[in-house]
Amino acid sequence: MSQSLFDKIWDQHQVKTLEDGSSLVLIDRIFLHERTGAVALESLHDAGREVLRPDTAFCTMDHIVDTLPGRSDDTRMPSGKAFIQATRQATQAANIRLFDLNDPQQGIVHVISPELGIAQPGLTLVCPDSHTCTQGALGALAWGIGSSEAEHALATQTLRLIKPKSMRVNVNGTLPAGITAKDLILHLIGRYGAAGARGHVVEFAGPGIRALDLEARMTLCNMAVEFSAFSGIIAPDEKTIAYLKGRPYAPSGDMWTQAESAWRELYSDPDAVFDSEIELDCSALSASVTWGTSPEHATTVNGCAPDPQQHARDEQHRAAMQRALSYMAIAPNQPLRELNIDAAFIGSCTNSRLSDLRAAADVLRGRKVADGVRAICVPGSMSVKRAAEAEGLDAVFRAAGFEWREAGCSMCFFAGGESMGYRERVMSTTNRNFESRQGPETRTHLASPATVAASAVFGRIAEAAEL
Amino acid sequence: MTPFTQHEGYAVALLQPNIDTDAIIPSREMTSVGKRGLADGLFAGWRYLAGQGRTPNPDFALNQLDDVSILIAGPNFGCGSSREHAVWALVEFGVRAVIAPSFGAIFRNNCVRNGVLPISLPESSVQALAQSVDSARADDCIIRIDLPKRQLSTATGMALAFELPHSDHNMLVNGLDAIGLTQQHSADIAAFMQKDAEVRRWAQLSRSAISR
Ligand code: SF4
């Protein structure tokens with residue numbers, strides 16, 4: 001019988017079906033972070049339970065740690081220190097590999113897991129973080145879970161799941177020069193809505209996807225959750241195999257040969273059936289940006305905000321649009337390029353990898369950030385940071401007027417510590433433009449690294465093509 | 001976990017679509033490592049007047065009725081971050097059920113794991129329910145839920161049936177602990193893992209072999 005990529009991975013991991021209609025699914029890797037890791041481990045311990053296979057579990061410090069140089073356990077997030085120290089203790093007690101504050105491999109979970117070869121094609125990988133879907137870019141079935149489910153996975157090496165539905169997004173054509181996976185995913189969510197893939201495992205396929213490098217694929221899969229997908233996944237190909245070769249936790253020697261042949265079987269059969277399919281041509285896309293407070297509020301940089309009177313589907317949609325516009329302080333039909341910005345942020349598990357930093361640096365080289373704009377670049381991992389410094393990107397960012405930080409989630413989200421200012425307008429390479437996501441009542445516009453860099457230079461929403 | 005069978009309580013409506021978990025419990029309110037002490041921060045960005053500490057915002061639905069235990073919400077409720085704190089805060093506040101056209105998937109699972117009943121109903125029914133509790137009389141805002149019968153009814157005379165996957169139903173009605181349930185299958189899991197370790201040798205991690 002013909003199977004999709006997802007069907008194949010599912011079948012390899014289904015331990016058994018249960019009386020209640022769910023399945024027990026084997027979990028190959030569990031990744032924790034300091035925001036929820038300690039809660040899960042402590043609660044497990046309090047219930048008198050143990051981590052079944054500590055060798056399959058990993059933990060990083062990314063959400064709460066500071067990203068300022070010279071950082072320590074004393075983070076700016078109120079009570080952050082308690083999270084950091086509790087995580088250190090709990091992972092030590094459970095014998096789980098922790099990428100601690102000063103570890104050269106520390107970084108954002110969804111950046112370091114692929115980078116270290118922990119995520120691999122055909123594996124199931126879970127993490128109590130919704131952007132775990134990022135790692136589907138390698139052909140893993142990777143998804144975000146809650147804290148109780150993390151405990152379940154740690155204690156039993158399985159999760160109880162009802163098999164999600166499947167969707168395929170076929171991307172035809174090739175992206176125009178300067179247009180990126182970020183522009184593509186924002187366009188997709190803008191067109192099909194933030195609930196467009198509700199509960200589905202979304203396979204991104206087609207020539208437009210095969211043309212993307214692995215880091216771009218991660219950007220794409222990262223925002224599958226903003227599309228309400230259960231996860232995103234891309235079939236492994238030669239690029240995936242080349243990417244993983246030699247990574248610290250990837251198989252080596254004989255095991256590598258075995259892995260390679262197993263990975264080459266991971267694709268959707270030609271006549272595999274999906275619950276739904278979307279066709280998209282990416283060859284005419286332009287730079288995307290969001291105007292509102294949901295990732296579906298996406299349009300092009302040279303576009304205008306919508307007019308609720310004209311563009312709303314119904315009364316409820318009209319009210320939501322209206323609310324978003326007034327929160328963002330944007331008038332109906334206002335051209336987005338008119339909007340002056342207060343800050344620019346380049347980082348997060350969406351866009352903080354070497355290729356992202358290169359794209360931004362290409363825009364910034366020989367230029368300066370506009371007066372009054374606060375600009376920050378936070379590499380996704382210490383490895384990315386070192387690689388960027390080795391090719392002089394830090395100097396480009398600094399010369400342009402950007403802060404150059406240590407690795408972590410940083411101002412992707414506001415937790416009471418460091419943040420963007422009250423009601424500031426921020427161009428950001430992150431994935432969520434929710435109310436107050438980056439600071440008190442901040443107005444976040446999501447875009448690609450090149451678009452954010454260009455906007456920083458102009459001091460308003462702008463695209464790199466304007467330079 | 002508290003079993004969920006019948007529940008009767010006051011309901012309010014928060015119908016805007018895509019209410020995310022950051023809105024349910026803002027990150028800045030998650031200041032303790034544990035699962036408690038979160039109720040105060042529930043919907044903090046909306047429940048309190050901006051810049052005035054904990055002064056309740058009289059316009060926010062949850063401040064207009066006491067002892068609310070049922071939320072009627074818009075589509076995609078609980079989307080966004082996976083933080084289980086959103087459900088812990090709801091539980092601590094006293095919420096036992098959320099009725100919405102659709103839910104964020106992780107949030108929905110988190111509800112079931114914590115004894116909160118997520119009820120999905122068509123958007124028109126959710127709106128009708130919201131209208132029926134849109135009343136100055138607290139008694140009109142009561143909704144009665146019978147989980148074993150999968151029915152709910154309002155004080156104003158509406159009655160609706162809902163569906164729930166059998167697995168969720170089982171866990172909620174019996175207040176079951178998922179880990180304990182799964183551990184009853186330990187032998188099968190161990191056997192599966194053993195076979196898997198032979199078939200997918202490449203996928204196994206052996207600590208000593210890993211270069212640190
Ligand atoms: S970078 Fe942002 S979205 Fe990604 S894991 Fe960190 S907080 Fe979450």
Side-chain angles (χ1 to χ4, degrees), chain A residues 12 15-16 18 20-22 24 26 28 36 38-39 42-43 49 55-56 78-79 82-83 86 120 122-123 128-130 144-149 151-152 155-158 160 162 194-195 198-199 228 230 248-249 251 255 258-259 262 294 316 319-320 323 413-416 432 434-437, chain B residues 15-18 20 22-23 26-35 45 50 74-76 79-85 87 102 104-107 109-110 113-114 127 165-167 169-171 178-179 181-183 185-186 188-189 192-193 196 199-203 205-207 209-212:
Chain A
Q12 286 171 6
V15 176
K16 65 192 290 192
L18 302 171
D20 65 9
S22 60
L24 268 189
L26 185 74
D28 292 318
T36 49
V39 190
E42 282 177 7
S43 152
R49 290 172 170 143
D55 60 320
T56 66
S79 68
F83 284 82
Q120 295 167 24
L123 297 184
D129 186 277
S130 56
I145 55 176
S147 196
S148 298
E149 285 181 299
E151 286 178 46
H152 190 285
T156 70
Q157 210 64 30
T158 63
R160 298 171 156 253
I162 295 176
R198 165 158 315 289
S228 293
F230 174 83
Y249 290 84
M255 289 304 111
Q258 272 193 22
S294 158
Q316 205 188 10
R323 183 189 167 107
F413 79 114
F414 170 46
R432 288 196 173 132
F434 298 159
E435 292 182 16
S436 298
R437 170 78 179 180
Chain B
L15 286 186
Q16 72 177 97
N18 302 320
D20 57 82
D22 284 56
S27 287
R28 62 182 182 280
E29 300 289 342
M30 293 157 50
T31 50
S32 81
V33 181
K35 306 180 177 184
N76 211 16
C79 62
S81 149
S82 63
R83 62 185 66 163
E84 198 155 321
H85 306 71
V87 178
S102 58
I106 303 174
F107 174 82
N109 269 339
N110 289 342
R113 297 283 182 271
N114 289 279
Q127 284 186 359
H166 183 61
S167 49
H169 182 268
N170 188 30
M171 206 114 74
I179 298 180
L181 273 181
T182 297
Q183 283 177 334
H185 302 279
S186 292
D188 288 339
I189 298 172
F192 187 92
M193 285 201 293
D196 176 65
V199 179
R200 292 190 311 147
R201 280 178 57 209
W202 61 270
L205 280 167
S206 98
R207 250 206 194 174
I210 287 161
S211 52
R212 289 274 168 90

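Below, each value reflects all heavy atoms present in this structure, side chains not excepted, and no hydrogens, waters or symmetry copies. Below, chain A is the first sequence line, B the second, and so on; all start at residue 1.
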Worksheet item: Can you tell me how far CE of A/Met255 sits from CG of B/Leu205, rounded to the nearest 0.5 angstrom?
Response: 12.5 Å

Fill in: Contacting region of B/Asn76 [heavy-atom separation from chain A under 4.5 Å]
both

Practice prompt. Heavy-atom pairs under 4.5 Å with chain A are the metric here; pick the option from B/Ser186, B/Ala105, B/Pro165, B/Ser81 that has the most.
Written response: B/Ser81

Item to complete: Please state whether the side chain, the backbone, both or neither of A/Gln157 comes within less than 4.5 Å of a heavy atom of chain B.
Response: side chain

Worksheet item: Hey, which of A/Ser79, A/Ser147, A/Ala86 has the most heavy atom pairs under 4.5 Å with chain B?
Response: A/Ser147

Discussion item. I'd like to know which of B/Arg201, B/Gln183, B/Arg113, B/Met193 tops the heavy-atom pair count under 4.5 Å against chain A.
Written reply: B/Arg201

Response to the item:
When the 4.5 angstrom heavy-atom criterion is applied to A/Ser294 and chain B, the contacting part is side chain

Worksheet item: If you count heavy-atom pairs under 4.5 Å with chain A, which of B/Arg28, B/His169, B/Met171 comes out on top?
Response: B/Arg28

Discussion item. Using a 4.5 angstrom heavy-atom cutoff, name the option from B/Ala50, B/Ala23, B/Ser102 with the most pairs to chain A.
Written reply: B/Ser102

Worksheet item: Quick one: what part of A/Thr156 sits under 4.5 Å from any heavy atom of chain B, side chain, backbone, both or neither?
Response: both

Discussion item. So A/Leu24 and B/His185, do their side chains get closer than 4.5 Å, heavy atoms only?
Written reply: yes

Discussion item. Looking at A/Asp20 and A/Arg160, is there a salt bridge between them, counting it only when a charged N and a carboxylate O are closer than 4.0 Å?
Written reply: yes

Worksheet item: So which of B/Gly45, B/Ser32, B/Pro26 has the biggest tally of heavy-atom pairs under 4.5 Å with chain A?
Response: B/Ser32

Worksheet item: Heavy-atom distance under 4.5 Å to chain A: side chain of B/Asn109, backbone, both or neither?
Response: side chain

Worksheet item: Using non-hydrogen atoms only, which part of A/Ala82 is less than 4.5 Å away from chain B: side chain, backbone, both, or neither?
Response: both

Fill in: Exam field: side chain B/Asn114 to backbone B/Asn110, donor-acceptor pair closer than 3.5 Å
yes

Fill in: B/Arg83 with B/Glu29: basic N within carboxylate O range, under 4.0 Å
no

Discussion item. If I measure from the heavy atoms of chain B, does A/Ala320 come under 4.5 Å with its side chain, its backbone, both, or neither?
Written reply: side chain

Worksheet item: Say you draw a straight line from OG of B/Ser27 to NE2 of B/His85; how long is it, rounded to the nearest 0.5 Å?
Response: 9.5 Å

Fill in: Straight-line distance of B/Ser167 OG to A/Ile162 CD1, nearest 0.5 Å
3.5 Å

Fill in: Test item: A/Gln120 side-chain N/O and A/Tyr249 main-chain N/O as donor-acceptor pair under 3.5 Å
yes

Worksheet, complete the sentence: Heaviest contributor of heavy-atom pairs below 4.5 Å to chain A, chosen from B/Gly34, B/Ala203, B/Cys79, B/Gly80, is B/Gly80

Worksheet entry | Side chain, backbone, both or neither of B/Ile189 within contact of chain A (heavy atoms, under 4.5 Å) | both

Practice prompt. Can you sort out the partners of A/Asp28 under side chain to side chain contact (heavy atoms under 4.5 Å, CB included), two or more places apart, ordered by chain and number?
Written response: A/His13, A/Leu26, A/Leu123, A/Thr124, B/Arg200

Response to the item:
CD1 of A/Ile145 to CD of B/Glu84, rounded to nearest 0.5 Å, is 9.5 Å

Practice prompt. Would you mind telling me which of A/Arg198, A/Glu42, A/Gln12, A/Glu151 has the largest number of heavy-atom pairs within less than 4.5 Å of chain B?
Written response: A/Arg198

Worksheet item: In terms of heavy-atom proximity below 4.5 Å to chain B, should A/Thr36 be classed as side chain, backbone, both, or neither?
Response: side chain

Fill in: Interatomic distance, A/Phe434 atom CZ to B/Asp20 atom CG [nearest 0.5 angstrom]
4.0 Å

Worksheet entry | A/Phe230 versus chain B, the contacting section by heavy-atom distance below 4.5 Å | neither

